[in-house]
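Working notes for the structure below.
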Amino acid sequence: MSHNSRNLYKLLQTCESLNTLKQLHAVAVTTSLSSDPFILAKILALSATSAFSDLSYAQQIFLRIENPKTHEWNCMIRAFSASSTPQTALSTYTQMLISGESPDNFTFPFLLRSCSRLQPPRSGELVHVHVIKCGFDGDAYVQSSLIHMYAKWGRILCAHKVFDDITAKNIVAWTTMINGYVRAGGFEEAIRLFKVMGSENVKPDEVVLTSVLGACANLGDLELGRWIHGLLGEKDVVFSTALVDMYAKCGSIDVARELFDRMPQKDVILWTVMISGYVRCNCFREAFNLFREMCSENLMPDEGIIVNVISGCARSGDIDIGKWTHHYIEVNGADYSVMIGTALIDMYAKCGEIDVASRIFLRMQEKNVCSWNAMIGGLAMHGEAYSALDLFDQMQRSGTQPDEITFIGILTACSQVGLVGKGWHYFNCMSQAHGINPKLEHYACMVDLLGRSGLLSEAEELINNMPMEPDAVVWGALLNASRIHGNVELAEKAAELLLEMEPHNHGVYVLLSNTYGSAKRWDDVDNVRKLMKSRGITKTRGCSSIKVNGIVHDFVVGDRSPVRAKEIYEKLDSLVKDLGLMGYVAKTSNVLFDIEEEEKEYQLSHHSEKLAISFGLISTSPGAPLNIVKNLRICEDCHCFAKLASKNCGRRIIIRDLYRFHHFERGSCTCGDYW
DNA sequence: TTAGGGTTAG
């Protein structure tokens, strides 16, 4: 190396921006120093893989290298492996082989990283064969890269096979394997491996412990999580973020917040973790406050945070914040991503604005299975069963493969309109045509569908033939169906099993009691109430909220204090009267007390008032006349007034057909409000 | 020049 070359090389080593690099490159060209292989290789490396890399610039340089050696090829493969087009790394590798250069131990880790980012198996398996042929299967770096690739593809057994074949496993191999299990949802296995690692005297570091924290978070293993915290304290931001996430997911949201506040430097992921922690704990106000705090600090929220905030709105039913966030996206960014679009569809659907959800869905350029699922599920939730089924056909025509969530939406849709035959068809289709084995949730949907349609013995038979143990949701569906169809015997059986599983679930007592009430078995009603009392179980009072112009109005059963209560109840009385003229007769058999018919009817209509208001049947806007909104319907079971829409104020209205509605609170019908 | 770690939608 000449004196000039050495000086230029030194300058290149201190180069920190693309501009400087380009200037130094110009110097090299004008002084003919670019013919020096060391100089050119350094310029190539900086343009291809540095923090300020420019891939097309690197490609231009590479093309001018006459006979690139393995080192230069590696440089390009490495650059492509991290680029948005990882498949280019593979074609570069092929060109390298054609050019006559051989891969070395550095080539494969880059190449395998590219493969891990592509759909399996593509060329990944072929690269694995090359690894073996070239004799690099004993290289520790290559082995870890192979484990990583298979694990990322979800082929955890292949990954484990590679792992098992390593005679001297280093900490990186252990970490890759443990993390592979965490990604695949094998949390217990991850922790088991971590313990084996300890028994083999491999000292854990913060990287492997970060993965183990992920397993603790998902298993709710606060004890192990705390132990890890005690072991390392609060290391770098990645480890500390995993700690915050672990505490939040284990329910210790306050500890998570303390840690978050203590962090000297907060990056976007840390903010996301804290906000999503609040959303998960149903602390929506805190989540939103933190989101605004972040925005006010001029930190640009990324996709993850926005998705979190929107999903918080979907769950809390706070459409105002949802719309604010939607507006924020429209103002600050152009098109929204698949994830944000999907979250918006879900939010609008759950907040009752299915038309807005549909418009967003139609506008989305790119859709994945989640987007279709959100829309199908949204339509099903709104009782638009046939639209949901049509969309399912469209989805298949578009080439998107349905998954297990899709079928939950489809079966829910069938349940809405009592499509028993179609329900069976889709249920069977799942495994036969799509290779998806029905899970507990699908069985619960089928039991619900059959049960509601009056096919109680078929529903019971399905439960008896399930390949897994039925859970509380499945028995709950049967109990509810038994209540609807007045089958006391079956209701008792379901309730008994349910109470074994969930002795404190007041909904079970309510449903059972209602079933006895329908059968006029007042002594049994009384017994259930005594049982509840002796077990210290109290029924939470039914409550609905509606937010009008930023003010939340709560309507609790029997509470007559809401704003404009007098007007509302007067309106309601006239509504009930009109309904009577229209031929509506309240079905009072579900009311539990052995009271006069007239009194029952009164209770029913005035229970319904809060729902009528909640669901927008009666406008409560200040100054606005109390109008009855169109599309009034009555729930045959619980007599609520409902509109052809649903709101997710912690409750859902599920529509079966034009004049038959059912009002649910996550699995148990709130008809139980009529105590 | 090479391998391992944190979040997020249905």
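All values derive from a computational prediction rather than experimental measurement. Letters A, B, ... mirror the listed sequences (proteins, then strands); counts begin at 1.
Checking the phosphate oxygens (OP1, OP2) of B:dA3, a side-chain nitrogen or oxygen of A:Arg113 falls inside 4.0 Å. Within the structure, every side-chain polar atom (N or O) of A:Arg280 is placed at least 4.0 Å from both OP1 and OP2 of B:dT7.
Between the C1' atom of B:dG4 and the CG atom of A:Leu146 lies a distance of 14 Å, rounded to the nearest Å. Taking atom CG on A:Asn74 and atom C1' on B:dT1, their separation rounds to 7 Å, with Å as the unit. A:Asn179 places its CG atom 13 Å from the C1' atom of B:dA3, with the value rounded to the nearest Å. If you measure from atom CZ of A:Arg117 to atom P of B:dA3, you get 14 Å, rounded to the nearest angstrom.
Between A:Phe106 and B:dT2, no base-stacking contact is recorded for ring centres under 5.5 Å apart and planes less than 30° from parallel.
Applying the 3.5 Å distance criterion, the base of B:dA3 shares a donor-acceptor pair with the side chain of A:Asn170. At a cut-off of 3.5 angstrom, counting only N and O atoms as typed in the model, there is no donor on one side facing an acceptor on the other between the side-chain of A:Asp205 and the base of B:dG5.
Judged purely by atom type and a 3.5 angstrom limit, A:Ser50 has no side-chain atom pairing as donor or acceptor with the backbone of A:Ser47. Checked by atom type and distance alone, the side chain of A:Asn368 pairs as donor or acceptor with a backbone atom of A:Ser371 at under 3.5 Å.
Aromatic ring pairs are classed by plane angle as parallel below 30°, tilted from 30° to 60° and perpendicular above 60°; the pair A:Phe288 and A:Trp324 is perpendicular.
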Would you check, one step at a time, whether the test side-chain hydrogen bond (donor to acceptor under 3.5 Å, both in side chains) holds for A:Ser358 with A:Asp355? CA-CA 5 Å; A:Ser358 291; A:Asp355 296 342; 5.3 Å; no

